[in-house]
Engineer: 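Structure incoming, see below.
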Amino acid sequence: GQCIQRIRSCGYGATYRNRLEAIPDVAWNKDKSRGHITRHGLTYTFEIRQTDYSEKISLDYRCRTLDDFLALSDNKFILTL
């Protein structure tokens, strides 16, 4: 899918982690250094390191039609499995 990626230096690492921990549908790895959130055809992926963190947003590969675009752009897309 298409993606946007950003790397930020950690002055806000603890605040960033706290924000993520407050979101109930975050899927964390074992040591809570990375994870993802998937909602309505979008996936937000992150990795937290000692000095910085990275974030990426990607579009599910199954979203490719005009109807998918219109539903996503109206915030009405529901991904059926």
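Heavy atoms only: backbone and side chains are in, while hydrogens, waters and symmetry mates are out.
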Engineer: Please, which pairs that meet salt bridge (Lys or Arg N to Asp or Glu O under 4.0 Å) have at least one residue in residues 26-35, sequence neighbours excluded?
Structural biologist: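 For residues 26-35: Glu21-Lys32.
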Engineer: Does Thr65 form a side-chain contact (heavy atoms from CB on, under 4.5 Å) with Leu70? I'd like the steps, not just the answer.
Structural biologist: CA-CA 9 Å; Thr65 67; Leu70 294 172; over 6 Å; no
Engineer: Find the distance between CZ (Phe46) and CD1 (Ile37) and round it off to the nearest 0.5 Å.
Structural biologist: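 Reported value, rounded in 0.5 Å steps: 6.5 Å.
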Engineer: Check step by step if side-chain contact (heavy atoms from CB on, under 4.5 Å) holds for Val26 and Tyr44.
Structural biologist: CA-CA 9 Å; Val26 173; Tyr44 174 77; over 6 Å; no
Engineer: Without swapping roles, check the side chain of Asn29 against the backbone of Ser33 for a donor-acceptor pair under 3.5 Å.
Structural biologist: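 Yes, the answer is positive, given that a donor and an acceptor are paired below the 3.5 Å cut-off.
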Engineer: Working to the nearest 0.5 angstrom, can you tell me the gap between Asp52 CG and Glu47 CD?
Structural biologist: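 Between Asp52 CG and Glu47 CD, I get 8.5 Å after rounding to 0.5 Å.
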Engineer: Would you mind reporting whether Thr45 and Glu55 have side-chain heavy atoms less than 4.5 Å apart?
Structural biologist: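 Result no, sub-4.5 Å side-chain heavy-atom pair not found.
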Engineer: Go through the structure and list residues passing salt bridge (Lys or Arg N to Asp or Glu O under 4.0 Å) with Asp25, not counting sequence neighbours.
Structural biologist: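 For Asp25 the salt bridge (Lys or Arg N to Asp or Glu O under 4.0 Å) partners, ignoring immediate neighbours, are Arg39.
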Engineer: State, without any angle test, whether Thr43 and Thr38 hold a side-chain donor-acceptor pair at a distance under 3.5 Å.
Structural biologist: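 A pair is found: one side chain offers a donor N or O, the other an acceptor, under 3.5 Å apart.
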Engineer: Find out whether Asp68 and Asp60 are in side-chain contact, i.e. whether some heavy atom of one side chain is under 4.5 Å from a heavy atom of the other.
Structural biologist: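 They are not in side-chain contact.
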